[in-house]
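The block underneath contains the structure these notes are about, expressed in structure tokens.
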Amino acid sequence: QVQLVESGGGLVQAGGSLRLSCAASGRAFSSYAMAWIRQAPGKEREFVAAISATGGRKYYTDSAKNRFTISRDNAKNTVYLQMNSLKPEDTAVYSCAAGGILRMITQGWDYWGQGTQVTVSS
């Protein structure tokens, strides 16, 4: 069982930056692939980024490439999402997820956090 708690969301102006954190408790964090997935009001969940258990592989959705960076610190049981050059369309609830398989989709993740709100004003 893994518990995930996100933090770092907030209100930022377009062009600004935020760093999201996801702290994990429970067993074997370092054995899980991790992902960030977002959901905007009235829209379906959208995959943002994922990282393998060791951190050696990273995947991004096209809209996140060159702006967002996913990373992890297995010693701290934490995964991060550094978001730069934020746009109003990035406004969403961002959730982290953990699973045994690294994937670039929203389905199939075993554990989810409750999410943190990111709001980007124009």
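Since the structure is predicted, the reported quantities are computational estimates derived from the model, not experimental observations.
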Problem - Backbone of Gln82 reached by a side-chain donor or acceptor of Thr69 within 3.5 Å - result: no
Handout entry: Atom of Asp73, atom of Tyr80 and distance for their closest heavy-atom approach
Key = CB-CE1, 4.1 Å
Practice task
Output the distance between atom CD (Gln39) and atom CD (Gln117), rounded to the nearest 0.5 Å.
Solution key: 11.0 Å
Problem - Cluster link Met34 to Met83, ILVMFWY, side chain under 4.5 Å - result: yes
Problem - Pair Ser25, Gln3: side-chain N/O donor-acceptor within cut-off below 3.5 Å - result: yes
Handout entry: Spatial distance of atom CZ (Arg67) from atom CG (Asp90) [nearest 0.5 Å]
Key = 4.0 Å
Problem - pair Leu4-Trp112: side-chain heavy atoms closer than 4.5 Å - result: no
Practice task
Kindly indicate, with the supporting measurements, whether the criterion side chain to side chain contact (heavy atoms under 4.5 Å, CB included) is fulfilled by Tyr94 and Ile37.
Solution key: CA-CA 6 Å; Tyr94 285 70; Ile37 293 165; over 6 Å; no
Handout entry: NZ/Lys76: more than 12 non-hydrogen atoms of other groups inside 6.0 Å
Key = no
Exercise for the section: Not counting sequence neighbours, which residues clear side chain to side chain donor-acceptor pair (under 3.5 Å) with Ser7? List them please. Expected result: none
Handout entry: Asp110 side chain to Tyr32 backbone, donor-acceptor under 3.5 Å
Key = no
Exercise for the section: Nearest 0.5 Å please: distance from the CD atom of Glu6 over to the CD atom of Gln114. Expected result: 7.5 Å
Practice task
Find out whether Ile70 and Tyr60 are in side-chain contact, i.e. whether some heavy atom of one side chain is under 4.5 Å from a heavy atom of the other.
Solution key: yes
Problem - Salt-bridge criterion met for Asp62 and Lys65 (N-O under 4.0 Å) - result: yes
Exercise for the section: Determine, for Trp36 and Arg72, whether the Lys NZ or Arg CZ falls below 6.0 Å from the six-membered ring centre while staying within 45 degrees of the axis. Expected result: no
Exercise for the section: Determine whether Phe47 and Phe68 fall in the same hydrophobic cluster, where Ile, Leu, Val, Met, Phe, Trp and Tyr are linked whenever their side-chain heavy atoms lie under 4.5 Å apart. Expected result: no
Practice task
To the nearest 0.5 Å, tell me how far Leu81 CG sits from Ser71 OG.
Solution key: 8.5 Å
Let me check something: any side-chain donor-acceptor pairs from residues 15-24 under 3.5 Å, sequence neighbours excluded? List them with distances.
| from | atom 1 | to | atom 2 | distance (Å) |
| --- | --- | --- | --- | --- |
| Ser17 | OG | Asn84 | OD1 | 2.9 |

Practice task
Say whether, by atom type as modelled, one donor and one acceptor occur between the side chain of Thr116 and the main chain of Gly9 under 3.5 angstrom.
Solution key: yes
Problem - side chain to side chain contact (heavy atoms under 4.5 Å, CB included) between Ile51 and Val79, worked out - result: CA-CA 9 Å; Ile51 188 169; Val79 63; 4.1 Å; yes
Practice task
Decide yes or no for Tyr111 and Gln1: does some side-chain heavy atom of the first lie under 4.5 Å from some side-chain heavy atom of the second?
Solution key: yes
Exercise for the section: State, yes or no, whether a side-chain contact exists between Trp109 and Ile101 at a heavy-atom distance under 4.5 Å. Expected result: no
Problem - Non-hydrogen atoms of Ser122 and Ala14 that approach each other most closely - result: CA-CB, 4.4 Å
Problem - Reported CD-to-OG1 distance for the pair Glu46 and Thr61, which is rounded to 0.5 angstrom - result: 5.0 Å
Handout entry: All side chain to side chain contact (heavy atoms under 4.5 Å, CB included) counterparts of Ser52, not counting sequence neighbours
Key = Thr54, Arg57, Leu102
